[in-house]
Amino acid sequence: MNYLACGVNSPIPIPAYYPKDIVGAEGPHVINKDGNKYIDLWMGYGGLLFGHSDLDIVKTIQKNIKNGWFFSYQTFLEKEVSEIIHSIIPSAERVRFATTGSDAVAYSIRASRAYTGRNKVLSIVGGYHGVHDGMTPSAGTPNVLLPDLVPFNDVEAVEEKLRTKEYACFLLEPIMANSGCTPPQKDYLKKIRKICSKTNTILIFDEVVTGFRIALHGAQGFYNIVPDLSVFSKAIASGLPLSVVCGNKDIMETFMPTGNVFFANTFNGNPLSLAVCKMVINKLQDGIFYVENEKMGKNLRKYITEQIDNIKISACVQGISSMLTIAFGCSSFKRGIKLEQCDFGAYNFFIEEMAKRHILLPPLPSETIFLSPVHQRVLGEIKVAIKQSLEELRKNYYKQV
Ligand code: PMP
């Protein structure tokens with residue numbers, strides 16, 4: 001008997017043929033109850049920056065857990081890590097720690113509304129920013145103020161909305177990761193930064209995925225655009241629960257107790273997660289991670305594109321750095337993937353073939369594949385499986401002779 005409500009712990013449609021009994025993980029692999037190993041290309045929704053069970057992180061947890069892992073008082077670590085974040089993230093004049101990405105986004109919207117005295121929120125078609133009421137439409141959340149939406153990479157649409165000066169904030173991922181991996185077009189971020197400043201709209205970068213993954217100073221540092229507020233999670237503590245809201249001092253000081261915006265969670269700024277965050281930052285300081293991951297991402301995107309060209313099927317591969325998306329039945333997309341234009345049958349066929357070869361991809365083409373340095377040692381295996389799976393797709397799905 002499965003006592004999980006609806007049999008699962010998340011609405012993401014995990015295929016029937018994926019393992020349901022994961023008990024452990026190491027490096028690029030997850031391992032099930034029977035000891036079968038699968039190469040993981042989803043990597044904790046991008047949270048596992050260094051792969052599974054990274055030894056430096058294991059040691060950090062072991063060392064710090066002995067000192068206690070949960071206090072109701074202020075900790076030395078929260079002050080220390082906030083100073084480090086202030087020194088590396090361009091927008092981080094002030095920093096607050098929370099627990100999940102959704103919490104951090106909710107606090108940033110709340111602060112924007114309180115600071116501007118406006119209620120409306122502008123966001124992006126196909127984006128995802130979390131579970132709280134007013135972020136993602138859901139039954140059971142009547143009369144909540146959902147954001148108005150504009151397409152990604154569409155400057156005119158942003159201008160048209162924001163010129164009304166009715167919006168508290170414009171919330172977006174600087175690189176979309178929840179709508180297929182979609183980087184910003186040249187000058188898009190620069191132009192929306194200008195429009196937000198002109199209309200006194202708070203620009204919020206949701207760096208829950210991109211933070212520390214694209215660059216240590218975030219996508220904002222990578223593109224050299226400073227938002228008013230930003231939120232980080234996932235990779236910052238390499239998969240331990242921690243999130244950050246940071247930004248402009250005046251907006252950040254709308255939070256209680258200086259201001260009157262409520263910001264609290266029992267587990268905020270968890271000391272174990274903060275210790276890991278500090279270790280993650282140390283590991284990233286020399287920049288080698290970024291050079292190697294970018295190289296591997298480029299190499300894999302090029303390889304898959306070549307294989308697709310060889311068998312002459314309609315598909316696209318796009319991404320940036322260690323992130324990529326493979327979609328069938330459509331060409332490259334600049335405004336986020338349009339799922340209704342994708343061939344889901346082909347995607348399902350492909351990921352089933354990959355799973356037969358013990359490689360697990362995200363179950364939807366709108367989710368991003370994440371690479372980490374541990375994939376380097378299984379890159380050959382991944383490439384062989386991709387070539388064989390595409391060949392099977394050509395023969396048995398597209399029925400090409
Ligand atoms: N923002 C983005 C860009 C995300 O990808 C996610 C989670 N996938 C969230 C916010 C919400 O984070 P969490 O699931 O930790 O609440």
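Both counts, for ligands and for their atoms, begin at 1 and track the order of listing. Keep in mind it's a predicted model, so treat the numbers as computed, not measured.
Separation of the Phe152 and Tyr188 ring centroids falls under the 6.0 Å cut-off.
A cation-pi arrangement is not found for Lys356 relative to Tyr17, the charged atom failing to lie both closer than 6.0 Å to the ring centre and inside a 45° cone about the ring normal. Figure legend: Arg96 and Phe263 shown as a cation-pi pair, the cationic atom lying under 6.0 angstrom from the six-membered ring centre and within 45 degrees of its axis.
For ligand 1, the atoms closer than 4.0 angstrom to any heavy atom of Asp206 are 1 (N), 2 (C), 3 (C), 10 (C). The ligand atoms of ligand 1 that sit less than 4.0 angstrom from a heavy atom of Glu173 are 3 (C). Listed by number with element, the atoms of ligand 1 under 4.0 angstrom from any heavy atom of Val209 are 5 (O).
Considering both main-chain and side-chain atoms, Ser233 never comes within under 3.5 Å of ligand 1 through any nitrogen or oxygen pair. Ligand 1 has no N or O atom lying under 3.5 Å from any N or O atom of Gly130, backbone or side chain.
Judged by distance alone, the side chain of His132 and the main-chain N or O of Ala106 form no donor-acceptor pair under 3.5 Å.
Closest to atom 16 (O) of ligand 1 among all protein heavy atoms lies Ser102 OG, 2.5 Å. If you check which protein heavy atom lies closest to atom 5 (O) of ligand 1, you get Asn178 ND2, 3.0 Å. Shortest contact from atom 15 (O) of ligand 1 to any protein heavy atom: Gly101 N, 2.9 Å.
The pair Glu83-Lys79 meets the salt-bridge criterion, since a charged nitrogen lies less than 4.0 angstrom from a carboxylate oxygen.
Rounded to the nearest 0.5 Å, atoms CG (Leu49) and CZ (Phe289) are 3.5 Å apart.
Neither the backbone nor the side chain of Tyr45 comes within contact range of ligand 1; no heavy atom lies under 4.0 Å.
Within a 6.0 Å radius of CD in Glu160, no more than 12 heavy atoms belonging to other residues, nucleotides or ligands are found.
Put simply, part of Lys234 is less than 4.0 Å from ligand 1, judged by heavy atoms.
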